[in-house]
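Below: one structure, written as structure tokens.
We name chains A, B, ... by the order of the sequence lines, and we start the count at 1 in each one.
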2 protein chains.
Amino acid sequence: MTPDAVAPDQSTGLTRRQGIALWRQIQHTLEAEIADGRHKPGARLPTEAELSARFAVNRHTVRRAMEELQGRGLVRIEQGRGSFVAEDVVDYRLGPRTRFSENIRAQNREPAGRILRIAEVPAEAGLAEALGIRRGRAVVLVERLALADGRPVVIGTHHFPAARFPQLPELLAQNPSITAALAACGVPDYRRRVTRITARLPTPEEADLLQQSRSRPVLVTEAVNTDPAGAVVDVTQSRYAAGRVQLVVES
Amino acid sequence: MTPDAVAPDQSTGLTRRQGIALWRQIQHTLEAEIADGRHKPGARLPTEAELSARFAVNRHTVRRAMEELQGRGLVRIEQGRGSFVAEDVVDYRLGPRTRFSENIRAQNREPAGRILRIAEVPAEAGLAEALGIRRGRAVVLVERLALADGRPVVIGTHHFPAARFPQLPELLAQNPSITAALAACGVPDYRRRVTRITARLPTPEEADLLQQSRSRPVLVTEAVNTDPAGAVVDVTQSRYAAGRVQLVVES
DNA sequence: GAGCATTTGTGCGTATGTATG
DNA sequence: ACATACATACGCACAAATGCT
């Protein structure tokens, strides 16, 4: 009965016994579907069982195609959760002139920011030392969510010496740009001295703000910025959504 | 009956009603025990229940002391697992002259390395482009576990163009130093161009090799090294044990 | 996956000590 | 002497995360 199929099957779109492995055809089909936006970045793909039903093949065949796609970085397979279309990763360059907006615009994306919290708190030991002030002195704490093309990218917690920047809270309430606010305070330029990078799992709030799974890590950086005279302007801890951001260091 | 205790209790070492909060005394006791090595870095501390029995106080009181210790960065508390003495973090400097051994020695630690695998494999698309060779050409793949003071720090997967470094496998079999092997191949110096940094959860094998929990992330870096002439010498993917390492970028 | 033991996290109620006015 | 406020400490119960079977 079953005659050799020389034309693509009506319902599955696959051709058998034509020298092109079924898994390759499936791979190409999915590749095309991802490319033309039928599966959007970050979205969940159908389960292997669903795909094997759709293409009328064994699950192993689908897996072979998926492994290839994962190898090419187009999808990400998570045991027990499913498969997901890879998200386009934002390259975030770390250097002496690191500025969020410039960084994001250099990737042809639209930067945005939202202030989450502004408060004045006493400096605890470690922070006071880094800022070069005495322990217990007031620091302006600014927490900010930064986005690229509307997608959350990083939560930044900035610490400024309150004595030097008393108007900072008001300025930021009007315009969430840190660079602009500092310029208005008489710091037209600042320079990043060191960045320390670690990673950990996010707190529930962080996962929520960054709109990512609780089991995906965050990249944590701690940066120290100084003004041209060398005085410390701020100490910032940032938490980046790993998987949506790649920190790039050029030497 | 119960008289005011002016002297420390015989079994617990705590004094009540003497103006020093019990939780502070517990905090100081544990701090001293960590400092003199009775609890070693990375080791698990007694459970809150055990500590509250030992000090004959309520669990809340112990918790308060532990929170303070966590705030000072001396311990790390993990729900459902226990509390652990903080490990000393290795600062790993990223720069143009990044070398594992030098980096570790600069921290007064003893570097070591173990080759896990040496193989010759064809270059897949992305790698071939980065190395500046044609797709499918042979690359020498070297997988190496690097340690500081005997503790695993990073797994590195190096990719060298096989055509240029044919003797590399033999050399590394004798001496696990990459720098030394390259020098013997006529590359006395190399320079790191870019480093891309992301984070993810480790595979079971990675967690095993790095001797860390499956739920602690790894920092993943991808680096490109060039010789003085600008030719790409190797492309390396490294997986660092987050929590034992901090990547440091100085600008 | 379900079930279980272990361990930390959280909430509530209560009592006592200490400092202030 | 009294009221108030705050930190300390205890007891109990349950929630949530983890690891193991």
Side-chain angles (χ1 to χ4, degrees), chain A residues 44 47-50 59 77-83 121-122 124 136 199-208 210 212-218, chain B residues 1-31 33-34 39-87 200-218 241-244:
Chain A
R44 190 177 165 169
T47 65
E48 291 176 355
E50 285 166 343
R59 199 169 73 100
I77 304 171
E78 292 184 33
Q79 190 176 31
R81 298 221 317 133
S83 303
V121 297
E124 47 84 354
R200 58 168 169 76
L201 291 180
T203 66
E205 301 82 54
E206 287 167 346
D208 203 46
L210 293 172
Q212 71 166 26
S213 152
R214 276 218 253 172
S215 60
R216 294 273 293 277
V218 285
Chain B
M1 298 299 172
T2 56
D4 287 2
V6 277
D9 182 281
Q10 287 295 314
S11 62
T12 66
L14 304 184
T15 69
R16 284 176 185 256
R17 312 186 190 197
Q18 275 298 94
I20 305 152
L22 287 178
W23 67 266
R24 279 231 172 269
Q25 298 181 52
I26 295 170
Q27 173 213 315
H28 289 134
T29 306
L30 293 175
E31 224 173 286
E33 291 182 1
I34 290 169
H39 304 295
K40 285 175 192 151
R44 192 178 165 172
L45 287 168
T47 67
E48 293 175 354
E50 285 167 343
L51 288 173
S52 64
R54 168 181 162 192
F55 291 112
V57 297
N58 190 276
R59 195 164 70 96
H60 283 301
T61 311
V62 169
R63 282 182 60 72
R64 192 108 175 242
M66 293 297 290
E67 277 163 27
E68 185 72 13
L69 288 172
Q70 168 154 265
R72 302 193 177 203
L74 284 168
V75 308
R76 164 176 45 90
I77 305 172
E78 292 183 34
Q79 185 175 5
R81 303 222 314 132
S83 303
F84 304 84
V85 180
E87 308 175 62
R200 58 169 169 77
L201 291 181
T203 66
E205 301 81 52
E206 287 167 347
D208 204 45
L209 285 166
L210 292 172
Q211 286 173 30
Q212 72 166 24
S213 153
R214 222 155 273 197
S215 60
R216 294 269 297 271
V218 286
R244 274 210 283 285

Between [atom2] on [N] and [atom1] on [X], what's the gap in Å once rounded to a whole number?
| X | N | atom1 | atom2 | result |
| --- | --- | --- | --- | --- |
| B:W23 | D:dA7 | CH2 | P | 11 Å |
| B:Q70 | C:dG9 | CD | P | 7 Å |
| B:E48 | D:dG11 | CD | P | 16 Å |
| B:R76 | C:dG9 | CZ | P | 12 Å |
| B:I77 | C:dG9 | CD1 | C1' | 10 Å |
| B:L51 | C:dT7 | CG | P | 12 Å |
| B:F84 | D:dG19 | CZ | P | 9 Å |
| B:R24 | C:dT18 | CZ | P | 17 Å |

Verify, without hydrogens or angle tests, whether [X] (side chain) and [Y] (backbone) share a donor-acceptor contact under 3.5 angstrom.
| X | Y | result |
| --- | --- | --- |
| B:Q25 | B:T15 | yes |
| B:Q70 | B:I77 | yes |
| B:R216 | B:A207 | no |

task: For salt bridge (Lys or Arg N to Asp or Glu O under 4.0 Å), just list the numbers for B:R72 and B:E68, CA-CA rounded to whole Å, side-chain angles, deciding distance to a tenth of an Å, and then say yes or no.
output: CA-CA 6 Å; B:R72 302 193 177 203; B:E68 185 72 13; 3.4 Å; yes
query: If you measure from the Lys or Arg side-chain nitrogens to the Asp or Glu carboxylate oxygens, is any gap between B:E50 and B:R44 under 4.0 Å?
result: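 Looking at B:E50 and B:R44, the cut-off is not met.
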task: Determine the contact category for B:R44: base if any of its heavy atoms lies under 4.0 Å from a base atom, sugar-phosphate if only primed atoms, P, OP1 or OP2 are that close, otherwise nothing.
output: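 Sugar-phosphate, no base atom in range.
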query: Within the structure, does a side-chain N or O atom of B:T61 lie under 4.0 Å from either OP1 or OP2 of D:dC10?
result: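 It does, given that an N or O in the side chain of B:T61 lies less than 4.0 Å from OP1 or OP2 of D:dC10.
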- request: Scan every strand shown for a Watson-Crick or G-U wobble partner of D:dA13, both distances under 3.5 Å, and answer none if you come up empty.
  value: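 Result: C:dT10.
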- prompt: Could you give the distance from OG (B:S83) to CG (B:L74), rounded to the nearest 0.5 Å?
  reply: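 Going from the OG atom of B:S83 to the CG atom of B:L74 covers 12.5 Å.
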message: Applying the side chain to side chain contact (heavy atoms under 4.5 Å, CB included) criterion to B:F55, which one of B:T61, B:T29, B:L22 satisfies it?
response: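 That would be B:T29; it is the only one of B:T61, B:T29, B:L22 passing the side chain to side chain contact (heavy atoms under 4.5 Å, CB included) with B:F55.
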- prompt: How does protein reach along nucleotides 12-17 of chain D, written 5' to 3' as B (base within reach of a heavy atom under 4.0 Å), S (only sugar-phosphate), or - (no contact)?
  reply: B---BB
